[in-house]
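Ligands are counted one by one from 1 in listed order, and the atoms in each one are counted from 1 as well.
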Amino acid sequence: MTAARAGAKSRRPEAGVWPFVRGSTRVVGIIGDPVEHSLSPLMHNAAFAALGLDWVYVPFPVRAGALPAAVRGLAALGVVGANVTVPHKEAVGRYVDELSPLAKRVGAVNTIVCRSGRLYGDNTDVYGVRQALRRVKLRGATAVVVGAGGAARAVLVALEALGVRRVLLVNRTLERARVLRRKFSSGGFHVEVRDFSALVEARYLKEVRLVVNTTSLGLHGEPFPAVAFELTPRECVAFDLIYGRWTDFLRRARAADRKTIDGSEMLLHQGAEAFRLWTGRRAPLEVMRSALAGVETAR
Ligand code: ATR
C-alpha cells in the first residue's frame with residue numbers, strides 16, 4: 001500500500017519535466033491570436049503541478065475564420081475548458097451552447113467550460129478586476145475609465161458591483177463610449193462620456209477615487225495622453241490592465257505620488273476563477289502569483 005502510494009506519487013506530473021502528458025491527462029488551453037506571449041500556460045501548469053493534478057494547459061492559436069470550428073472542436077476532442085483572449089472574446093459567445101448571466105451582461109466570454117459535451121461560456125475577467133481592486137474603497141465613488149473596448153465592459157460591470165456611483169468614460173472614439181453608456185448606465189450607476197481633455201481638468205478630477213486604463217496604450221511602450229494625477233485626491237488609485245511593465249500611465253501616477261496597481265493581479269484572479277470552474281478546486285494563488293513573477297516555486 002505504502003509502496004503503491006509512493007509509486008503513484010513519483011509519477012505525478014512536474015512542471016517543466018517532460019514527458020508528463022499521458023493518456024489520462026486532461027487538457028485545457030487558451031484560444032487567441034496571438035497566444036505566443038500569454039502567461040496563462042505558465043500560471044496554470046504551475047498550479048496543476050503544485051496540486052499534483054494530471055492536467056495540462058496548452059496554447060491554441062486560432063485565426064478569426066477558424067473560431068467556430070475551433071470552439072466546436074473543444075467538445076469533440078474532450079478538452080475540459082479554455083480561456084479565450086484577443087480578438088475572440090466577443091465573437092465566441094455565438095458558438096457556445098449556454099452563456100452565464102455575467103458573460104451576457106459583459107457581452108464577452110473569457111472562459112469556456114465543457115460539461116458532458118456542452119459548452120458553457122463564462123466571464124472571469126469581472127472577478128479578476130474586483131479582486132485587483134479589493135483594497136480600494138469604491139462605494140459611492142467616482143471613477144474614470146479610459147477606453148471603450150471589451151476590457152472596458154468588464155471593468156464597468158466590476159465597478160458597478162463594487163458600488164461605484166459615477167464613471168467618466170473617456171475614449172478616443174466617442175460613439176463607442178456612448179454605446180457603453182447606453183448599455184451600462186442604470187439608476188444608481190451613472191456613466192458619462194468625455195474626451196481625453198477631461199483627464200487634465202480639475203472639475204472632473206477633484207473627486208476621482210480611481211483611474212483605470214483599459215486601452216492598449218502602453219502595451220508596446222507607447223506614450224499615454226496627459227493625466228493630471230496631481231489634481232486628484234491623495235487617495236486616488238491608478239489601475240492599468242496592462243501587466244508586467246511600468247507603463248507611461250502608471251509612471252504619471254507614480255510621479256504624482258498616487259498608488260498604482262498593474263494588470264498582474266487581475267490576470268492572476270481571472271485565472272484562479274477559471275481554474276476553479278474547470279477543476280472544482282480552489283486555485284493555489286501563491287503558486288500562480290510566483291509563476292507570473294517568474295519565480296519557480298511550483299514544487
Ligand atoms: P479590448 O477588447 O482589449 O478592450 P478593443 O476592443 O480593440 O480591445 O479596444 C481598444 C481600446 O483602446 C479602445 O478604447 C480604443 O479606442 P477607440 O475606441 O477610439 O479605437 C483604445 N485605443 C487603442 N489604441 C489607441 C490610441 N492610439 N489612442 C487612443 N485610444 C486607443
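Backbone and side-chain nitrogen or oxygen atoms of Leu217 are examined, and none is located within less than 3.5 angstrom of a nitrogen or oxygen of ligand 1. Considering backbone and side-chain N/O of Arg176, one or more are found under 3.5 Å from N/O of ligand 1.
Protein heavy atom in closest approach to atom 19 (O) of ligand 1: Thr173 OG1, 2.5 Å. Protein heavy atom at the shortest distance from atom 8 (O) of ligand 1 is Gly150 N, 4.5 Å. Here the protein heavy atom with the shortest distance to atom 9 (O) of ligand 1 is Gly149 CA, 3.5 Å.
Taking the six-membered ring for Trp and the full ring otherwise, the centers of His44 and Trp278 sit less than 6.0 Å from each other.
Atoms of ligand 1 found under 4.0 Å from any heavy atom of Ser216 (numbered from 1 in listed order, with element): 12 (O), 23 (C), 24 (N). Atoms of ligand 1 lying under 4.0 Å from at least one heavy atom of Gly147, given by number and element, are 14 (O).
Remark: among candidates Ala151, Ala148, Pro87, the nearest residue to atom 4 (O) of ligand 1 is Ala151, based on non-hydrogen atoms. Considering Glu175, Arg172, Glu222 only, the shortest heavy-atom separation from atom 22 (N) of ligand 1 involves Arg172. Remark: among candidates Leu219, Leu169, Val179, Thr215, the nearest residue to atom 21 (C) of ligand 1 is Thr215, based on non-hydrogen atoms.
When Asp54, Thr25, Thr279 are each tested for a side-chain contact (heavy atoms from CB on, under 4.5 Å) with Phe48, only one passes: Thr279.
In this view, Phe239 satisfies the ring pair (Phe, Tyr, Trp, His ring centres under 6.0 Å) rule with no residue, not counting sequence neighbours.
In Asn171, the part holding a heavy atom less than 4.0 Å from any atom of ligand 1 is the side chain.
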